[in-house]
Every structure is written in C-alpha cells, then in structure tokens.
2 protein chains.
Amino acid sequence: MVSIHRRIFEDIEARIMSRAWPPGHRIPFEHELVQEYQCSRMTVNKALSALAARGMIIRRRKVGSFVAARQIDRTVMDIQDISTEAELAGHDHSYRILMRKIEALDAATATQLGEPTGAEILRLHCLHAVDGKPNALERRIIMLAMVPSARTESFASVPPGKWLLDMVPWSKARHVIRAVSADAATARLLETERGEACLTLVRQTWQNSRTVTYVEIIHPGDRFQFAGDFHPSEKGAMDQLPRRSAS
Amino acid sequence: MVSIHRRIFEDIEARIMSRAWPPGHRIPFEHELVQEYQCSRMTVNKALSALAARGMIIRRRKVGSFVAARQIDRTVMDIQDISTEAELAGHDHSYRILMRKIEALDAATATQLGEPTGAEILRLHCLHAVDGKPNALERRIIMLAMVPSARTESFASVPPGKWLLDMVPWSKARHVIRAVSADAATARLLETERGEACLTLVRQTWQNSRTVTYVEIIHPGDRFQFAGDFHPSEKGAMDQLPRRSAS
DNA sequence: GACCCGCTTTTGTCTATACAAATAGATACA
DNA sequence: TGTATCTATTTGTATAGACAAAAGCGGGTC
C-alpha cells in the first residue's frame, strides 16, 4: 500500500522518464489532478512540490507546472574526507605534513580564489597513504581570517580536512575534477611514474561568500576513481543511523 | 519574507551544518517545534520531511528525528550529453563515426557489464570535436535486445548519446570518473601527446535492471573538467524553462 | 503604440483536525 | 526467565478551508 501523494509522484515521474511527457510539456493543473485522483489539493501539492524539489518539473504561478528541460544525467557524488573514507572501507590511513607555513596571498592565487591579495593564509601540503601506499597529495590553503584557530593548530594528530570539517561550518562548496599528468615532484611523492595520469579534485569552500579553504587533492590515476549513482525516484538516504542514539 | 516551514528548515539545517547538532543528535519533536515556532504541526512536518528527503535527518516513528551520519560533501554533477553541452555553451559541435559493428558480447566484457556472454551488441566508436578541435573519444556498447531500433540506425545525423536519450527511457545510471594516460591510438585521435592524462567518464545505464548502454567517454585532460556545486539549502533546479511553453 | 489598473487563474502557504502505522516501554502471564 | 499483549508516543498521511503572492490578460487612457 502506497500513499496517494507517492502514487501521484510516481505516475508523473514515470511519464517524464518515458518521455510520454517530454521536456516543456505542461503537467495537469492541481485541480485537474484532484479530480483524477479524487483527493485533496494538499495531497496533489505535496507530490508536485516533491517533483519540483528534485528539479524534474518547474512550477510557476498562474502558468502551471512543466517538465523541466535537461532532466539529464544528474549524478550525486559523495566526496568524502580521505581519512573518513578509508576508515569506512576498513583500510588503514596515515598521513604526514610536508609543509606548513603562514604567508600572504599572492596576486595570481588571490584572483583565482576571488579573495583580496595579501590576505593571510596558512599553506599546507600533506601526503596521505592508505594501507601504507601513497594515495593522495593534498595542497591546501586556509584563510586565517575565517579560521583563526588554524594558526596554532599543528595538524599532527587530526588531518586538516577532518579538522576543518569539525571546526568550521560552511555554506557552499564547489568541486572540480580534472585529469593532470604528474610532474616530477608529485610523481616522486606518490611513488608513481612521472607523467602518470592523476585524478585531481579541487574543492573551494565558502561561508557566507567568504572563502574558508581551497584544496587540491591529487590522486594517482591507477589507484583512484569517483563514482556516483542516479535513481530517479530514490528517496533520501535511508538507514543511516542507530536504533538507539545518544542525545 | 520567508515562509515558516522554510525558516524552520534553515534553522535546523544551520545547526546541523555548524555541528551544533552533531550526527546522532535528536532533533526536537514536532510538538516541541510547534510550541517554539507557534505554528501548526503540518508546517513543522513539512520542514522536517524536506530535511529527511535530503538525507540530512532520519525520522523514526515513536522514536524521533536524528541528525544523519555522514552529512558529507555531497555534490551534484550535471553530466550532459556532449553535443547538448556544447550547444548550450554556444560552441560548434561535430562528430564522426569511427566504427560501427554488431557483435556478440565477449566473456570479459559480459562480466564487467553484468550481462550474459554472447548477447548481441552494437559497438560504436565516435570522435567528437568542439570548435573543430577533438574533444572526446566515445566508445559505446548498446544492448540490441533492449534497443532493437539501433540495429538500423546509422547515427549519421544524430550522435548516439543524444539518440539514445531521446529513444530509450532509463531508470538508473551509474557514473565513474577516472584519470588514464592516453595510449598511442587515443592520443593520435585526440591530437594530443601519448601518455597525456585523460579524464574518462564511464556511464552504464539500466532499465529495470537490464543494461541499456555502456559508454566510455575519454576527454583530453587539458581541455576538459567536471564541476559541481553544493549549497545545502539549495532549492531544486530553477529557471530552466521558457516563459511560454508548448502544450 | 506605451502604460496603468484590476480581474482571474494557478501555485504557495498555513491551520485545525483526524486517523493510521510503527514501535519503545510497561505490564501481564506462562 | 522469557514471551505475548497492551499502551502511549511519535511520525505519516489526508482533508477542507482559507488567504496570499505571482503573473497572464484585457481594458482603459494617454
């Protein structure tokens, strides 16, 4: 037994996925669906709102609801902190700090980050290993104005990615994935060949439109990949938490 | 002026993002939030349901609502068809078919796809160029049992990615992003150096747990990247459709 | 033509109420 | 002690009604 709003949701979704209702097609008005399903408008509204929240339809007052353009391959990738990820997979994770220094933001990088030249930053380089094998080179910039406590943190016992996640709230993140060839220094650190293809994840994190941190994480291409699934009507993440839970 | 359910949503979200309410923390019961915000339970329910749909909280009857584990960096990447993407960006797109043949699925590939050995497939190789410059090498397998009409389609005027998207509904997709070094043949086709880092997107698409198509799209690393944003409280995709719209 | 005003339609939000489903915890019983 | 049953609590779903906000549309005026 499924609920009515769920059935409406799925009926419409099926028609969108099968292209019976192509992009741009107008979905019946709420009052029409009320007639069709013999239910209240709130119920219909709940179904349509859910479709809108997923970006499958666009709703406009006085105009109607329409199948969204480009209901493309939208994939959700879980991009985790390296140490957390390794832990979850049951692998051993270690890291060591290669560099840690406080400096002023140079002009080129400042432009790239959209922050003022000369701002005080903490620059960190860090090598991660999983099960003893080098797995990632992390090059990070932390804006000290946004994270003053980083000034005195050595990151000897907590990796910077995890530490920041625990210490600093962020409101927006941007990820870029690139393939680059390893230069000599990178290859040496990652114990791979010079010129070897590397998968680089760049992440910039903001809080209220001020950059918190910018990081490049360079993985050897033969030991790493990103994966993501897409199920159209997937409900949110399920079964994540304990039966009983601490307050 | 924001709606009440939106404010409740954002208040709770902010506490989750800031770790004021860490994973596992019990969120106030609906009736408590009703008191706090002086609104009806339906309004509170709407806010909490939205948080649950996003996977930020887990709700269980008689128990309560809890902050979900791993409210990680979940990023949404729009992975589009190459030709559509180029069009949207205002670039010129062309392609040519390098290979097109019907064959039986060999054992190794069959295992990889999770399909029976010997199944009839259409194998397609295709070179895409944007503004005259090679931009992607596409290696595709189409399961003819699922897409019989592909047997007679030449793909001379519509690229296979687009054609499939228009012809065949799919219910699930999986994406993998990898970095690989170009072998000699790939490098020649993409007009780049042998060994150059390439960004490879692998996509497998299913309908009702039967594979529809499997494709590897190999981009030269110096001309391509994937990007995705994450705003926690982002509402669904907006502004996608026309002012006026056909039926 | 351009501009403003008011009408109408559609979606957005909210309320108060009701009952159903799940289930932790208490209670009764073997 | 273990087990079945009851009870209270919390979330899930649905309803009918109300008003607000956005925006297309037509009419009027200049």
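Below, chain A is the first sequence line, B the second, and so on; all start at residue 1. Below, each value reflects all heavy atoms present in this structure, side chains not excepted, and no hydrogens, waters or symmetry copies.
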Trainee: Closest to the B:K46 side chain: C:dT13, C:dT11, D:dG12?
Mentor: C:dT13
Trainee: Between B:E30 and B:R59, is there a salt bridge with N-O shorter than 4.0 Å?
Mentor: yes
Trainee: Within less than 4.0 Å of OP1 or OP2 of C:dG12, is there a side-chain N or O belonging to B:R6?
Mentor: no
Trainee: Evaluate the ring planes of A:H219 and A:F224, with Trp represented by its six-membered ring, and classify them as parallel (under 30°), tilted (30 to 60°) or perpendicular (over 60°).
Mentor: parallel
Trainee: In this structure, how many angstroms lie between the P atom of C:dT15 and the OH atom of B:Y37, rounded?
Mentor: 14 Å
Trainee: Taking for each residue the nucleotide of DNA chain D with the nearest heavy atom, is it A:M42 or B:P28 whose nucleotide lies nearer the 5' end?
Mentor: B:P28
Trainee: Looking only at the side chains, is there a donor atom on one of A:Q225 and B:R178 sitting less than 3.5 Å from an acceptor on the other?
Mentor: yes
Trainee: Any side-chain N or O of B:S40 below 4.0 angstrom from OP1/OP2 of C:dC14?
Mentor: no
Trainee: Expressed as a whole number of angstroms, how long is the span from B:H5:NE2 to D:dA20:P?
Mentor: 18 Å
Trainee: Write down the distance between CD1 (B:I57) and C1' (D:dT11), rounded to a whole number of angstrom.
Mentor: 11 Å
Trainee: With the side chain of B:R41 defined as its heavy atoms from C-beta on, choose the nearest nucleotide among D:dT15, C:dA18, C:dT10.
Mentor: C:dA18
Trainee: Tell me if a side-chain donor or acceptor on A:R19 pairs with a main-chain N or O of B:L165 at a distance below 3.5 Å.
Mentor: yes
Trainee: Distance check needed: D:dA20 P versus A:N45 CG, whole Å only.
Mentor: 18 Å
Trainee: Counting heavy atoms from C-beta on, name the nucleotide in C:dG12, D:dT13, D:dT11 closest to the side chain of A:S3.
Mentor: D:dT13
Trainee: Starting the side chain at C-beta, find the nucleotide from C:dA24, C:dT9, C:dG12 nearest to A:K62.
Mentor: C:dT9
Trainee: For B:L51 and D:dT11, what is the distance between atoms CG and P respectively, to the nearest whole Å?
Mentor: 13 Å
Trainee: In whole angstrom, give the distance that lies between atom CD1 of A:I8 and atom C1' of D:dA14.
Mentor: 11 Å
Trainee: Tell me which nucleotide among D:dG24, C:dT15, C:dT13 gets nearest to the side chain of B:T43.
Mentor: C:dT15
Trainee: Within the structure, does a side-chain N or O atom of A:R59 lie under 4.0 Å from either OP1 or OP2 of C:dG12?
Mentor: yes
Trainee: So does A:A156 get a backbone contact from the side chain of A:Y95, meaning a donor-acceptor N/O pair under 3.5 Å?
Mentor: yes
Trainee: Under 4.0 Å, heavy atoms only, any strand: does B:L48 hit a base, just the sugar-phosphate, or nothing?
Mentor: nothing
Trainee: Which part of the nucleic acid does A:S65 contact within heavy-atom distance under 4.0 Å: base, sugar-phosphate only, or nothing?
Mentor: sugar-phosphate
Trainee: Between D:dA14 atom P and A:L33 atom CG, what is the distance in whole Å?
Mentor: 14 Å
Trainee: Check the distance between C:dT11's C1' and A:R60's CZ and give it to me in whole angstrom.
Mentor: 12 Å
Trainee: Between the base of D:dT10 and the side chain of B:R61, is there a donor-acceptor distance below 3.5 Å?
Mentor: no
